[in-house]
Amino acid sequence: MVIVIGLGNIGKQYDNTFHNIGFMVADLLAEKIGTSFSKEKYKSMLAEGRFNGQSILICKPTTFMNNSGEAVSLLKKKFKDARVIVAVDDIDLAKGIVRYREHGSSGTHNGLRSIVSYIGEEFERVRVGVGRDKSVDLADYVLSKIKEVDREIIENAVNDAVNLILDKIGR
């Protein structure tokens, strides 16, 4: 089984913000494999599906970003041997850049920091670059709505992230 966790914040006020890129990845992944979010369990909204013969559980934690580790630890306790892939926004990458890492530190991301504090560093990451406007407070920037000028770049990056995840699952 593969668990794909998209990080973000619940609530309409966070829709279409940079910090909800992980939720956007999770939503598009669910759409591409023909499933939808129909359950809430393990402090997450869940979608179940299959791809290339593998079971996939797509999760959007309902704990808010900075407490994502709570949801991920519940999932890992239930599905001990599952492969975990986390999709997340990254201010340290230019807008539109997508990067994959098998494991590592949390860097500057509080959601990843929370996960690492609960389960350690051994999980895969798909990081989607959102850049950073240093003239704006960091929290205000990541929680700001994605501007129309950036929309195509971000939509393409989300699509690239989903394709990367599907490629990694397909191995």
Side-chain angles (χ1 to χ4, degrees), residues 1-12 14-65 67-90 93 96-104 106 109 111-112 114-116 118-130 146 151-171:
M1 170 179 271
V2 179
I3 302 173
V4 178
I5 302 160
L7 298 190
N9 288 309
I10 56 168
K12 289 284 182 204
Y14 300 111
D15 286 352
N16 297 311
T17 63
F18 289 120
H19 226 26
N20 269 30
I21 295 283
F23 277 13
M24 293 176 204
V25 169
D27 288 337
L28 184 58
L29 177 61
E31 181 182 319
K32 281 194 172 190
I33 68 168
T35 189
S36 61
F37 290 88
S38 58
K39 290 184 189 176
E40 192 167 330
K41 198 171 182 181
Y42 312 111
K43 295 188 178 184
S44 298
M45 293 177 286
L46 305 174
E48 298 176 89
R50 294 189 71 74
F51 180 76
N52 275 2
Q54 290 211 49
S55 294
I56 302 175
L57 182 62
I58 306 168
C59 308
K60 297 190 298 186
T62 58
T63 56
F64 288 96
M65 180 70 75
N67 297 315
S68 298
E70 291 177 34
V72 176
S73 69
L74 292 172
L75 289 159
K76 277 299 285 178
K77 283 178 187 168
K78 174 65 178 172
F79 305 101
K80 290 175 181 44
D81 297 325
R83 181 177 171 193
V84 174
I85 302 173
V86 175
V88 64
D89 63 288
D90 193 325
L93 292 175
I97 301 297
V98 176
R99 294 259 167 83
Y100 168 82
R101 292 185 67 190
E102 283 189 23
H103 52 80
S106 57
H109 200 283
L112 290 177
S114 175
I115 295 170
V116 167
Y118 277 88
I119 69 165
E121 297 179 350
E122 297 302 314
F123 60 93
E124 299 166 66
R125 297 131 165 91
V126 174
R127 300 164 38 218
V128 178
V130 298
I146 298 167
R151 182 143 323 276
E152 185 176 355
I153 293 168
I154 296 301
E155 286 174 357
N156 288 338
V158 167
N159 191 59
D160 290 347
V162 168
N163 289 334
L164 176 63
I165 291 167
L166 290 173
D167 180 58
K168 296 296 179 184
I169 292 171
R171 282 198 258 157

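A side chain to side chain contact (heavy atoms under 4.5 Å, CB included) with Val25 is found for one member of Leu164, Val126, Ile165 and no other, namely Ile165.
With rounding to the nearest 0.5 Å, the separation of CZ in Phe23 from CG in Asn9 is 6.5 Å. Remark: Glu48 CD to Cys59 SG distance equals 9.0 Å, nearest 0.5 Å. The distance from atom CG of Asn159 to atom CD1 of Ile154, rounded to the nearest 0.5 Å, is 12.5 Å. The distance from atom CZ of Arg125 to atom CG of Asp90, rounded to the nearest 0.5 Å, is 11.0 Å. Note that the CD1 atom of Ile85 and the CD atom of Glu102 stand 10.5 Å from one another [nearest 0.5 Å]. Distance CD/Glu121 to CG/Leu112: 10.5 Å, rounded to 0.5 Å.
Applying the salt bridge (Lys or Arg N to Asp or Glu O under 4.0 Å) criterion to Arg151, with sequence neighbours excluded, gives Glu148. In this view, Ile97 and Leu93, Ala94, Arg99 satisfy the side chain to side chain contact (heavy atoms under 4.5 Å, CB included) rule, not counting sequence neighbours. Qualifying side chain to side chain contact (heavy atoms under 4.5 Å, CB included) partners for Ser36, counting only residues two or more places apart in sequence or in other chains: none. For Ala157, the side chain to side chain contact (heavy atoms under 4.5 Å, CB included) partners two or more places apart in sequence, or in a different chain, are Val98, Val128. Scanning for salt bridge (Lys or Arg N to Asp or Glu O under 4.0 Å) contacts around Lys80 gives an empty result, with sequence neighbours left out. Contacts of Asn163 classified as side chain to side chain donor-acceptor pair (under 3.5 Å), with partners at least two apart in sequence or in another chain: Lys32. The side chain to side chain contact (heavy atoms under 4.5 Å, CB included) check on Ser73 picks up Tyr118, Ile119, with sequence neighbours excluded. With sequence neighbours left out, the ring pair (Phe, Tyr, Trp, His ring centres under 6.0 Å) criterion links Tyr42 to Phe79. Phe18 pairs by the ring pair (Phe, Tyr, Trp, His ring centres under 6.0 Å) definition with Tyr141, not counting sequence neighbours. Looking at residues two or more places apart in sequence or on another chain, you find a side chain to side chain donor-acceptor pair (under 3.5 Å) between Arg50 and Ser55.
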message = As a quick check of understanding, evaluate side-chain contact (heavy atoms from CB on, under 4.5 Å) for Phe37 and Ile58, giving each step before the final call.
response = CA-CA 8 Å; Phe37 290 88; Ile58 306 168; 3.6 Å; yes
side-chain contact (heavy atoms from CB on, under 4.5 Å), that's the test. Do Leu7 and Ile115 meet it? Break it down for me. CA-CA 10 Å; Leu7 298 190; Ile115 295 170; 4.0 Å; yes
Practice problem: Take Met24 and Ile146 through the side-chain contact (heavy atoms from CB on, under 4.5 Å) test and state the conclusion after the steps. | Solution: CA-CA 12 Å; Met24 293 176 204; Ile146 298 167; 3.6 Å; yes
**CA sep, side-chain torsions, deciding dist, call: Lys168, Arg83, side-chain contact (heavy atoms from CB on, under 4.5 Å)** = CA-CA 11 Å; Lys168 296 296 179 184; Arg83 181 177 171 193; 3.6 Å; yes
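Residues in residues 17-26 take part in these side chain to side chain donor-acceptor pair (under 3.5 Å) pairs, two or more places apart or across chains: His19-Asp89. Contacts classified as salt bridge (Lys or Arg N to Asp or Glu O under 4.0 Å) and involving residues 55-64 (residues at least two apart or in different chains) are given here: Asp27-Lys60.
Between the side chain of Thr62 and the backbone N or O of Lys43 there is at least one donor-acceptor pair closer than 3.5 Å. Between the side chain of Ser68 and the backbone N or O of Ser114 there is no donor-acceptor pair closer than 3.5 Å. Without hydrogens or angle criteria, Gln54 side chain to Val2 main chain gives no donor-acceptor distance under 3.5 Å.
A 4.5 Å side-chain heavy-atom check between Ile169 and Val4 finds at least one atom pair inside the cut-off. Side-chain contact between Glu31 and Val162 is absent, with no heavy atoms from C-beta onward closer than 4.5 Å.
The minimum heavy-atom distance between Phe51 and Leu166, with the atom names listed, is CE2-O, 3.4 Å. For the pair Ile3 and Ala82, the tightest heavy-atom approach, listed with the atom from each and the gap, is CD1-CB, 3.6 Å. Scanning all heavy atoms of the two residues, the minimum distance from Thr35 to Ala47 falls at CG2-CB, 3.9 Å.
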